[in-house]
Every structure is written in C-alpha cells, then in structure tokens.
Amino acid sequence: MDSIATVPVIDTVFECDNCENTIITVLEGTAGIDGVTIETDNRALAIEYDPETTNDEELHEIVEMWGYAPE
C-alpha cells in the first residue's frame, strides 16, 4: 500500500509553471514514487510513494537536491 508524504516547500516551485513541471517530472521519475500533486494552498508537494522503496527523509533530500528548499 502506498503512503503519502507532504513536503512543504518554501521556494519558487509554486510561482512558475516550468518549476512545477520540473519537480513533478523529477519526482515521478524516481523509484518508489507513484505520483506528485502540488498543493498551492499550503505550498506543499503531496508525494504518493511506496514505503518499502523510499521514505519521507529521502523525499525531502530529493526535493532539496533539485534546488527546492523543503521547510
């Protein structure tokens, strides 16, 4: 069963369509990630993932590695 991680982001990912597309493409191309939704109301990424493959900490690291600052 998949889990959902909510990763608050304090960067520009929500201010630019290209940024949104980039982070979604990168995350959805990562093993164990099944879907990404950008929640503009609370400035967060909702990441659906397989907890047997990855975890919240790794997801935060991936977001940060791609230049977006998680809270």
Side-chain angles (χ1 to χ4, degrees):
M1 177 170 220
D2 286 344
S3 294
I4 302 278
T6 300
V7 181
V9 179
I10 57 174
D11 254 327
T12 60
V13 68
F14 305 100
E15 298 168 7
C16 165
D17 289 340
N18 192 40
C19 294
E20 287 185 18
N21 293 334
T22 298
I23 197 66
I24 288 172
T25 300
V26 166
L27 289 170
E28 287 183 343
T30 302
I33 296 177
D34 299 321
V36 179
T37 304
I38 294 183
E39 299 177 353
T40 55
D41 291 344
N42 63 355
R43 298 181 62 89
L45 303 170
I47 304 169
E48 185 176 353
Y49 69 98
D50 177 355
E52 293 183 15
T53 306
T54 191
N55 58 50
D56 285 1
E57 184 177 312
E58 289 178 358
L59 297 174
H60 277 81
E61 289 173 7
I62 292 167
V63 171
E64 191 169 17
M65 180 180 70
W66 279 91
Y68 302 99
E71 283 184 343

Query raised in the report: Is Thr30 reaching over with its side chain to a backbone N or O of Val26, donor-acceptor style, under 3.5 angstrom?
Result: yes

[atom1]/[X] to [atom2]/[Y] distance, rounded to the nearest 0.5 angstrom?
X	Y	atom1	atom2	result
Glu58	Ile47	CD	CD1	11.5 Å
Ile38	Ile24	CD1	CD1	4.0 Å
Glu61	Glu64	CD	CD	8.0 Å

Report task. Answer yes or no: is there a side-chain heavy-atom contact under 4.5 Å between Ile33 and Leu59? Result -> yes

Query raised in the report: Tell me, do Ile23 and Leu45 make a side-chain contact under 4.5 Å, heavy atoms counted?
Result: yes

Report summary line: Those residues at least two apart in sequence (or on a different chain) that pass side chain to side chain contact (heavy atoms under 4.5 Å, CB included) with Thr37 are Ala46

Report summary line: Sequence neighbours excluded, the answer for side-chain hydrogen bond (donor to acceptor under 3.5 Å, both in side chains) partners of Glu28 is none

Report summary line: Across all chains, not counting sequence neighbours, the side-chain hydrogen bond (donor to acceptor under 3.5 Å, both in side chains) partners of Asp56 are Tyr49

